[in-house]
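Each remark here refers to the structure printed beneath this line.
Whatever order the structure lists ligands and atoms in, that order sets their numbers, starting from 1. This one's a predicted model, so the numbers in the text were calculated from it and none came from an experiment.
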Amino acid sequence: MAGIYIHIPFCKQLCFYCDFYKSNSLKEKPQFIEALKHEIELQKNYLEGEKIETIYFGGGTPSVLNGKEINSLFQKLSEIHKITDNPEITLEVNPDDIAKDYVCEIKTTPVNRLSIGIQSFFDEDLLLLNRRHNKRQAINAVKLSQSAGFSNISIDLIYGIPGMSVENWKKNLEQAFEFNVQHISAYFLTIEPGTVMAQLIEKGEITPLEEEENVEQYSVLLEQMVQNHFIPYEISNFCKEGYFSKHNTNYWKQEKYLGLGPSAHSYNGHSRQWNIAGNDKYIQSLMADSLVFEREILDPKRRYNDYILTSLRTMWGVDLKYLEEEFSKEARDYCVSLAKRLLEYGMIDIKNESLILTKQGKFIADNIISELLMAD
Ligand SMILES: C[S@@+](CC[C@H](N)C(=O)[O-])C[C@H]1O[C@@H](n2cnc3c(N)ncnc32)[C@H](O)[C@@H]1O
Ligand code: SF4
C-alpha cells in the first residue's frame with residue numbers, strides 16, 4: 001500500500017515561524033492545478049502500480065481549494081491510480097477558511113479527515129505567530145467541521161511559544177479535549193533559521209521560553225494525553241483508539257509515497273526525490289512537459305539511519321528483527337551494542353524485540369536517536 005502527498009503551496013498570510021514552501025500570491029492557483037494534474041500523469045509509474053491507501057492534501061494551505069478543485073484532483077488521481085475502497089483522505093485546513101458553506105462543500109468531496117491548524121486557542125499566541133485567525137475562529141472551525149459530519153478530525157497545537165505559560169498550555173489542551181476530537185498533533189515550536197520569528201529573537205524583540213518551561217510543557221502534554229485516553233503513538237502525535245494517521249504512520253513504517261507539487265518529497269524504497277520549491281518554475285517546467293526535481297539514491301547506511309530516525313519516535317520503536325532482515329545481522333548487532341548504555345540509563349526499553357523510548361527518553365529523543373545512528 002502506498003500514499004500520495006499533494007503540496008498546496010499558497011498561504012493568505014505568512015506565519016512568522018513557518019519554513020514550509022509557500023507563496024502568498026494566489027494568482028497562479030488555476031495554472032498550478034493544471035500543472036499538478038500534468039504531474040500526476042508524468043509520475044504515473046512512480047509507485048509501480050501499488051494501491052493507494054492514503055491521500056494527504058498538505059501545505060501551505062489546502063483549504064484555498066474549493067470542492068470542485070478537490071474533486072477534479074481526486075478524479076485525476078483515480079483515473080491514474082488504483083485506490084483502495086476505503087482510503088484515508090486528509091485535508092489540512094486553516095480555521096479562517098472554515099465557514100459553514102465551505103465545510104459542507106468539502107463534505108461532498110471524498111475528503112474524510114480534516115487536520116485543523118489551530119496552534120493555540122489564545123489570541124496573544126496567535127498574534128505572536130502571525131496567524132490569520134483568532135480564538136473565536138479556532139473554536140468555530142472545530143464546531144462547524146463536527147456539525148458538517150466530519151468524524152475524523154485532528155487538530156494541530158504548538159507549545160513552547162514565547163510568552164506561553166504552562167497554565168495556558170494546559171487550557172489549550174483542555175479545550176482540545178472538550179471538543180472530543182479523534183487526533184491531536186502537538187508540536188514544539190522550532191525556531192527555523194531565516195524565519196521572521198528567528199529574526200525577532202535575534203534582535204531581542206521576542207524572548208524564547210527557558211528550557212525548563214519547555215520541558216514542563218512537554219511533561220504536561222504527555223500526562224494530559226494519557227489521562228484523556230489518547231494514545232501517544234509518536235513524539236508529537238496522539239489519537240483515540242483506531243484513529244492513527246494512516247498516512248503519517250506509513251511514512252514512519254517506510255511505505256512508499258509519491259509527493260506531488262512544489263517542494264514535495266517522494267520515496268520508493270531505494271531513493272528519495274524532491275520537486276523544485278518554486279511555483280513559477282514548477283508550473284513552467286510542467287507546461288514544457290518536464291518535472292524539475294533532485295534525487296538521492298539511498299545507500300544501506302542512509303536507509304538504516306532514516307529507519308532509526310523515524311521509527312524510534314513512534315510507540316512501535318526500532319524493530320530489531322526488521323533491522324536484521326532488511327539490513328544485516330551486523331546492523332542489528334551494531335544497534336544493540338549502541339543501545340546498551342541507553343537501556344542502562346532507562347532512556348529506552350526493549351519489548352518484543354523492539355527498542356522503544358521510555359517517558360524519560362522522550363524528553364531528549366533527538367539526542368537518543370543520534371546515539372543510534374551510523375556515523376559518516
Ligand atoms: C505546514 S503547516 C500546514 C497547515 C496549515 N497551513 C496551518 O498552518 O494551519 C502544518 C503544521 O506544522 C506545524 N508547524 C509548522 N511550522 C512549525 C514550527 N516551526 N514549529 C512547530 N510546528 C510547526 C503547525 O502546527 C502547522 O499546523
Ligand atoms: S503554518 Fe500553515 S498557514 Fe502558516 S505559513 Fe505555514 S503553511 Fe502557511
Are Q217 and E213 linked by a side-chain donor-acceptor pair shorter than 3.5 Å?
no

If you draw a sphere of radius 2.8 Å around atom 6 (Fe) of ligand 2, how many protein N/O/S atoms end up strictly inside it?
1

Residue N94 vicinity, atoms of ligand 2 by number, heavy atom under 4.0 Å:
3 (S)

If every non-hydrogen atom of A331 is compared with every non-hydrogen atom of F327, which pair is closest and at what distance?
CB-CB, 3.7 Å

May I ask you to decide if the ring planes of Y5 and Y56 are parallel, tilted or perpendicular, using 30° and 60° as cut-offs?
parallel

Under 3.5 Å, is there a donor-acceptor pair between the S120 and N172 side chains?
yes

Within the structure, is a non-hydrogen atom of R131 found at a distance of less than 4.0 Å from ligand 2?
yes

Closest approach of S311 and V318, non-hydrogen atoms and distance?
OG-CG2, 3.4 Å

Flag the pair N180 / K240 as yes when at least one side-chain heavy-atom distance between them is below 4.5 Å, and no otherwise.
yes

Under the side-chain hydrogen bond (donor to acceptor under 3.5 Å, both in side chains) test, residues paired with Y304 that sit two or more places apart:
none

Listed by chain and number, what are the ring-ring contact (aromatic ring centres under 6.0 Å, His included) partners of F244, not counting sequence neighbours?
Y233, W316

Does E223 form a salt bridge (charged side-chain N to carboxylate O under 4.0 Å, His left out) with K170? I'd like the steps, not just the answer.
CA-CA 10 Å; E223 260 167 45; K170 277 188 189 156; over 6 Å; no

Ligand 1: protein N/O within less than 3.5 Å of ligand N/O:
| unit_1 | atom_1 | unit_2 | atom_2 | d |
| --- | --- | --- | --- | --- |
| ligand 1 | 6 (N) | G60 | O | 2.6 |
| ligand 1 | 6 (N) | N94 | OD1 | 3.1 |
| ligand 1 | 8 (O) | R131 | NH1 | 2.8 |
| ligand 1 | 8 (O) | R131 | NH2 | 3.4 |
| ligand 1 | 9 (O) | N94 | OD1 | 3.1 |
| ligand 1 | 9 (O) | R131 | NH2 | 2.9 |
| ligand 1 | 19 (N) | Y17 | O | 3.2 |
| ligand 1 | 19 (N) | T190 | O | 2.9 |
| ligand 1 | 19 (N) | T190 | OG1 | 3.3 |
| ligand 1 | 20 (N) | T190 | N | 3.0 |
| ligand 1 | 20 (N) | T190 | OG1 | 3.2 |
| ligand 1 | 25 (O) | Q119 | OE1 | 2.7 |
| ligand 1 | 27 (O) | Q119 | NE2 | 2.7 |
| ligand 1 | 27 (O) | D156 | OD2 | 2.6 |

Identify the residue among K301, Q254, R272 that makes a side chain to side chain donor-acceptor pair (under 3.5 Å) with D306.
R272

